[in-house]
Amino acid sequence: MSHDQAHYLELLARGAAAEAYDRPLLLARADGAGPEQLAALEHAKQLALRVRAELEGRRRREAELSALFETAHDLAGLRDLDAVLRAIVQRARSLLGTEVAYLSLNDPAAGDTYMRVTEGSVSARFQQVRLGMGEGLGGLVAQTARPYVTESYFDDARFEHTGTIDAAVKDEGLVAILGVPLMLGSQVIGVLFAADRRARVFEREQVALLASFAAHAAVAIDTANLLAETRSALADLERANAIIQDHSGVLERASDVHDRLTELVLRGGGVQDVAAALSEVLDGTVEFTEAGPDTTGSGGHATRHGDDWVAAVAAGGEIFGSLVLRGHPALDPVDRRTLERAAMVTSLLLLARRSAHDAEQRVRGELLDDLLDAPDRDPRLLRERAARLRADLDVPHVVLAARIDGTAEETATHAEVTGAEPATGRRTAARPGSWTRAGAHARGGSLDGAAVSARETADRQRLWSAASHLAATRSGLAAARDGGTVLLLPLGSGDTAADLARQTARQLGGTLREPVTVGASSPVDSPAGNPAPVAEAYAQARRCLDALRLLGRVGEGAAAQDLGFLGLLLADPGDIDGFVHRTIGEIVDYDRRRGTDLVGTLDAYFASGMSPARTKDDLHVHVNTVAQRLERIGRLLGPDWQSPARSLEIQLALRLHAMSSSAGS
């Protein structure tokens, strides 16, 4: 620290006037100081002036609080009402620096206001004046229950001037007057004034301070037991002082974290840097987790979870994760806002990082496309490309096919195709394939082609973006393909393909806040050493995905082994058509030849729990018609078609037939 800079500390120590802080800079400039020295002095000057202003503000607030505490002490110690009111008026005059202060009380019986206590007044007429309600500045305050201030009483036309009041004010020589109401609940019982015999502007803080004195006066008038009431007032003031101090600390912390977060953004800091800075400022442990908050409708606000606070890190409807503040159940509102602001900064940092990684994600997609479409690629080149992406394609991987299943149109369409109710997944009697005709019409034409296409395009982009991010964190690959997304992820130790599918569905669904269905293949031992099985694994994953959607299990993840006998067929689909033909081929052929719908009747019959009565309600036909159709089905399938074993095979064949029909359409 230079001698000139140290001079500012001397100025602060002796409480010098603001003008004195220019002198060191002027002297240095006159002595030929360099630009760096002048800049340092200018910086030191500004800091010193800020400290001086802060000290002056603190001294003023300390004086105000001291006066308020002294007033409260008077209320506790003085039993005479006039003595208490006189002390209030004296302190108001002293603290506001006015020449006169006075207090008037309302007289309900006479319907006017009279002068009760004055301080600094020299006019007997003024000390005995009475004001009608609404007359003069005091009457206006009493009538409206609001503070009023005038810089020049006789030039102010906002209130009613009367000869008696104007004569008294003129006799006292008052010019500038401030009046605040004395309130008991919603009732005005009087007015407290501060006035000068010259023009003057009263600041907002002075109005608030006088209002505080007026409140004390009202308490003193209202209470019959001065000792008890004043102790309560003192306790209130002590709590208010504590709140002021706490709030000041919170604001300082908020300012500190704002500066730190700004610095982090400017120097390209990361998520953990934000968490570390926030931990220090909020005096707690802040962590970033990729799991979104388990809450809805928070509107971007921090929410409480037990003793923790959680703020979503999100942008554009996508949740990247959460900032979690541990062990602060009673968080100050300003600190809550600080946590929310840090979450917003974190989302901006993550978006910037994602933008920087977009090119890398496209390269990951191109490598996966080559594995799927060009299995004859040189394994050495594949390994080199994978190494640049920090992926090891010589360990077992699983191919996963993912689709978003969260839009109303997709859910309704899926329900029409599979006969599943969107809310519960329960089967209904809807005929497979009927959605393309009656379904859209029943929904009032809500499936507008352009709107659905735009939504599907946006969903695919969001899914690809989220899947690419997930693949990068798992050292895998992801690409947009066939209206959805395909991922190639390494199989962790102790995990199965089904485990990986469920994890992926949960993570993508949590990120997008929409159901994401994921089908998984059997493991591929070494995608780089032998790329050929990757394409077949993708086909298997897609079949598993289609089966999940057909079974009404949207938003889930599974592998073929999760689907029982259906899974075996999906894993080796060579004889699916033969199984369907052997099981229900007679009915399918009969419908094709006769133009009937025995397949739909059979599907509805099983969906209704093999109840003809419920079947006829679902199909909107007579029960005799259902009986006739079931009789025909029995002749085609054989007498044991309703036995448990046969009915299971028939229902499975119906599902596979529906899947085949849906894929063909």
Side-chain angles (χ1 to χ4, degrees), residues 289-300 303 310-322 343 347 350-351 354 361 365 400-418 420-426 435 439 443 446-474 478-487 489 500-520 541-542 544-558:
T289 172
E290 292 187 357
D294 185 18
T295 183
T296 57
S298 62
T303 56
V310 181
V313 177
E318 181 179 351
I319 296 180
F320 301 112
S322 306
S347 67
L350 290 175
L351 282 176
R354 171 177 290 184
Q361 306 312 330
L400 304 118
R403 284 182 66 92
I404 290 180
D405 283 300
T407 64
E409 289 82 2
E410 285 181 324
T411 305
T413 300
H414 175 77
E416 295 283 355
V417 172
T418 66
E421 294 180 356
T424 65
R426 183 173 61 83
W435 69 275
R443 288 186 295 276
S446 64
L447 293 178
D448 176 75
V452 172
S453 177
R455 175 59 189 267
E456 287 178 348
T457 300
D459 283 347
R460 292 170 187 171
Q461 177 62 32
R462 291 170 57 230
L463 178 59
W464 174 83
S465 179
S468 297
H469 177 69
L470 175 62
T473 61
R474 296 288 299 270
R481 201 174 185 88
D482 298 322
T485 296
V486 55
L487 299 95
L489 299 182
L500 193 56
R502 285 189 287 269
Q503 294 170 13
T504 303
R506 183 170 59 253
Q507 291 175 353
L508 293 179
T511 298
L512 299 177
R513 290 194 286 187
E514 290 191 63
V516 176
T517 310
V518 178
R542 285 198 63 196
C544 185
L545 170 63
D546 290 339
L548 286 171
R549 303 179 80 200
L550 187 67
L551 294 172
R553 293 173 58 179
V554 297
E556 297 185 24

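Index from 1, following the sequence. Keep in mind that this is a model prediction, so the values were computed, not measured.
Contact check for Glu514 versus Asp459: side-chain heavy atoms found under the 4.5 Å cut-off. Looking at Thr511 and Ile319, their side chains never come closer than 4.5 Å, going by heavy atoms from C-beta outward. Looking at Gln507 and Thr473, their side chains never come closer than 4.5 Å, going by heavy atoms from C-beta outward.
Leu545 CG to Leu548 CG: the interatomic distance, rounded to the nearest 0.5 Å, is 6.5 Å. Note: Thr504 OG1 to Arg474 CZ = 6.5 Å, rounded to the nearest 0.5 Å. Atom CG of Leu512 sits about 5.0 Å away from atom CD1 of Ile404, to the nearest 0.5 Å. For the atom pair Leu470 CG and Thr485 OG1, the distance stands at 11.0 Å (nearest 0.5 Å). Atoms CZ and CG, on Arg403 and Asp482 in that order, are 9.0 Å from each other to the nearest 0.5 Å.
Nearest heavy-atom pair across Ala311 and Ala343 is CB-CB, 3.9 Å. Between Ala505 and Val516 the shortest heavy-atom distance is CB-O, 3.5 Å. The minimum heavy-atom distance linking Leu508 with Ala402 is given by the pair CD1-CB, 4.3 Å. Of all heavy-atom pairs between Ala501 and Ala558, the closest is CB-N, 3.5 Å.
The backbone N or O of Gly555 sits less than 3.5 Å from a side-chain atom of Thr517, completing a donor-acceptor pair. Not one N or O on the side chain of Ser465 forms a donor-acceptor pair closer than 3.5 Å with the backbone of Gln461.
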